[in-house]
Amino acid sequence: MPIISIIGFGLFALIAIYNAISVLKSSQERHISVAPFLGLVFFVSAMLDWSNPPMWLWLLVFLDVGTLMLMIGLPALIIDVWRTSRFCRYALFVSDQEKLTLYRHGDYQSFHWQWTGDELPMYGVVGFSGDWCQVGDEWLFYSDDHEPYFKAVLADDKLTVIFAHQDFLQFYHKVYQKVL
């Protein structure tokens, strides 16, 4: 067995052990921090460096909890990446400190940013996301729980908020300029 394969399998084993310990500790704590992709990279690089590895060795990849979580979550991740890609973008609105992106499938995302004193803004947290629909001249924005966030009207490429949920009163009468 080549030395690079030994190192790769050793690193894979360390990451698999770390992931297993993280899952075991999750019964005591709420947050699980696993490394989903790193162990798989070391495992595949070790297998590719070995000229004739036994076929049963590929089964060891299932010992890593992080790799299993990656395999389970990958289809949902790919779907989310596609649904929020620029190819599925319906419209883009920008206000003074916010960017509102609407997607064709009825999803939207809002990003807030803060000025740091430089010429470029620093992006902050995602403000909110959910579903949107257009009913006549009004645009309705809902949370992921289907609770109405706000209602807006589009006129002259400007989206003006005419209703806001009590938690989002700072958006009342906010005006977004249509960019795309």
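When a residue number appears, it is its place in the shown sequence, counting from 1.
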Group every Ile, Leu, Val, Met, Phe, Trp and Tyr by side-chain heavy-atom contacts under 4.5 Å, then state whether [X] and [Y] land in the same group.
| X | Y | answer |
| --- | --- | --- |
| I17 | L11 | no |
| I21 | L60 | no |
| F87 | L102 | no |
| L63 | Y18 | no |
| L70 | L77 | yes |

Where [X] and [Y] come nearest, the two heavy atoms and their spacing:
| X | Y | answer |
| --- | --- | --- |
| W82 | S85 | O-OG, 2.9 Å |
| S5 | A46 | OG-O, 2.8 Å |
| L40 | V61 | CD1-CG2, 3.5 Å |
| R104 | Y90 | N-CB, 4.0 Å |
| R89 | Y103 | CA-CD2, 3.8 Å |

### Query
I78 and V81: side-chain contact (heavy atoms from CB on, under 4.5 Å), yes or no, with the steps?
CA-CA 5 Å; I78 291 170; V81 167; 5.8 Å; no

### Query
Has the side chain of W132 got a donor or acceptor atom that lies under 3.5 Å from a matching backbone atom of D107?
yes

### Task
Look at the side chain of R83 and the backbone N and O of G106, then say whether any donor-acceptor pair between them is shorter than 3.5 Å.
no

### Task
Would you sort out whether F42 and L14 count as a side-chain contact (heavy atoms from CB on, under 4.5 Å), showing the intermediate values?
CA-CA 10 Å; F42 287 123; L14 287 175; over 6 Å; no

### Query
CD1/I7 to OG/S45 distance, rounded to the nearest 0.5 angstrom?
10.0 Å

### Query
Is the count of non-hydrogen atoms from other residues, nucleotides or ligands lying under 6.0 Å from I4 atom CD1 greater than 12?
no

### Pairing residues for F43 by the ring-ring contact (aromatic ring centres under 6.0 Å, His included) criterion, not counting sequence neighbours
F9, F12, W58

#### Entry: side-chain contact (heavy atoms from CB on, under 4.5 Å) assessment of F62 paired with L68
CA-CA 6 Å; F62 295 111; L68 290 175; 3.4 Å; yes

